[in-house]
Amino acid sequence: QVQLVESGGGLVQAGGSLRLSCAASGRTFSSKIMGWFRQAPGKEREFVAVVSQDGNSTDYAYSVKGRFIISRDNAKNTAYLQMSSLTPEDTAVYYCATKRNPLFRGSYDYAPARAYDNWGQGTQVTVSS
């Protein structure tokens, strides 16, 4: 069982940047596909980004593509989400999660939240206009 702890959220003005971190415990981090999701008030949890075990494969939701970068450092058991050009629409609680299946396939496979089995507690990101 991998335990995940997100950090790095906060209040930022529109156009600003934040870097979220997801620290994982346990020895299996490097074997896990990592995903970032977000949930705004009154909305469903939505996929943001995903990174493969070795960090060489990534994918993003259309709404964040070109603005967010997902990465990982397996030596530090940590995944990151670098967010730039933030808008008020990015305001949400951001969660990291480990994917249940180790295969990196298409978005049909890694975009649904049900594909992930371990979740962090979330970190709040608020973007003011």
Side-chain angles (χ1 to χ4, degrees):
Q1 186 86 357
V2 177
Q3 293 186 326
L4 305 172
V5 178
E6 301 95 335
S7 62
L11 175 64
V12 63
Q13 288 189 331
S17 300
L18 280 175
R19 188 174 84 154
L20 306 183
S21 298
C22 171
S25 65
R27 302 178 182 177
T28 61
F29 176 78
S30 62
S31 68
K32 298 289 189 178
I33 292 171
M34 296 299 299
W36 282 97
F37 288 75
R38 66 186 182 186
Q39 188 166 18
K43 294 188 176 181
E44 292 187 355
R45 191 168 298 190
E46 65 172 358
F47 168 78
V48 175
V50 65
V51 61
S52 61
Q53 292 91 332
D54 61 7
N56 290 334
S57 297
T58 60
D59 199 8
Y60 301 88
Y62 179 81
S63 59
V64 307
K65 196 168 290 188
R67 300 188 298 123
F68 290 11
I69 299 174
I70 188 172
S71 62
R72 66 191 297 160
D73 185 337
N74 287 338
K76 295 182 178 179
N77 273 15
T78 303
Y80 304 97
L81 187 68
Q82 178 68 48
M83 306 185 297
S84 304
S85 301
L86 287 163
T87 74
E89 288 69 38
D90 295 315
T91 295
V93 178
Y94 283 71
Y95 300 88
C96 64
T98 58
K99 188 173 176 288
R100 186 177 293 111
N101 188 304
L103 300 179
F104 194 91
R105 299 184 281 202
S107 59
Y108 71 93
D109 177 56
Y110 50 65
R114 64 179 180 272
Y116 296 77
D117 51 3
N118 292 308
W119 294 82
Q121 84 290 347
T123 185
Q124 176 70 48
V125 172
T126 302
V127 184
S128 63
S129 57

Please report the closest heavy-atom contact between [X] and [Y], naming both atoms and the distance.
X      : Y      : value
Lys43  : Gln39  : O-NE2, 3.1 Å
Gly9   : Leu20  : N-CD2, 3.6 Å
Ala24  : Leu4   : CB-CD2, 3.6 Å
Ser85  : Ser17  : N-OG, 4.4 Å
Asn101 : Arg105 : ND2-NH2, 3.5 Å
Phe29  : Asp73  : CE2-O, 4.1 Å

Give the cluster check for [X] versus [Y]: same hydrophobic cluster or not, with ILVMFWY residues linked at side-chain heavy-atom distances below 4.5 Å.
X      : Y     : result
Val50  : Tyr95 : yes
Val127 : Val93 : no
Val2   : Leu81 : yes
Trp36  : Leu18 : yes
Ile33  : Tyr60 : no

- Is a side-chain donor-acceptor pair under 3.5 Å present for Thr98 with Asn118? yes
- Residues that Arg19 engages under salt bridge (charged side-chain N to carboxylate O under 4.0 Å, His left out), provided they are two or more places apart: none
- Item | Under the salt bridge (charged side-chain N to carboxylate O under 4.0 Å, His left out) test, residues paired with Arg72 that sit two or more places apart | none
Working to the nearest 0.5 angstrom, can you tell me the gap between [X] [atom1] and [Y] [atom2]?
X     : Y     : atom1 : atom2 : result
Arg67 : Leu86 : CZ    : CG    : 6.5 Å
Ser31 : Asp54 : OG    : CG    : 12.0 Å
Met34 : Thr58 : CE    : OG1   : 14.5 Å

- Message: Are Phe37 and Trp119 an aromatic pair, judged by ring center distance below 6.0 Å?
- Response: yes
- Query: With a 4.5 Å limit on heavy-atom distance, are the side chains of Gln82 and Ser71 in contact?
  - Reply: no
- Compare all side-chain heavy atoms of Met83 with those of Asp90 and state whether any distance is below 4.5 angstrom. no
- Message: Could you check whether atom OH of Tyr108 has more than 12 heavy atoms from other residues, nucleotides or ligands sitting under 6.0 Å from it?
- Response: yes
- Message: Taking salt bridge (charged side-chain N to carboxylate O under 4.0 Å, His left out) as the criterion, tell me which of Glu46, Glu44, Glu6 meets it with Arg38.
- Response: Glu46
- Criterion side-chain contact (heavy atoms from CB on, under 4.5 Å) on Leu11 and Gln124, from CA distance to verdict: CA-CA 8 Å; Leu11 175 64; Gln124 176 70 48; over 6 Å; no
Has [X] got a side-chain atom pairing as donor or acceptor with [Y]'s backbone, closer than 3.5 angstrom?
X      : Y      : value
Asn74  : Gln53  : yes
Tyr116 : Tyr110 : yes
Ser25  : Gln3   : yes
Gln121 : Val5   : no

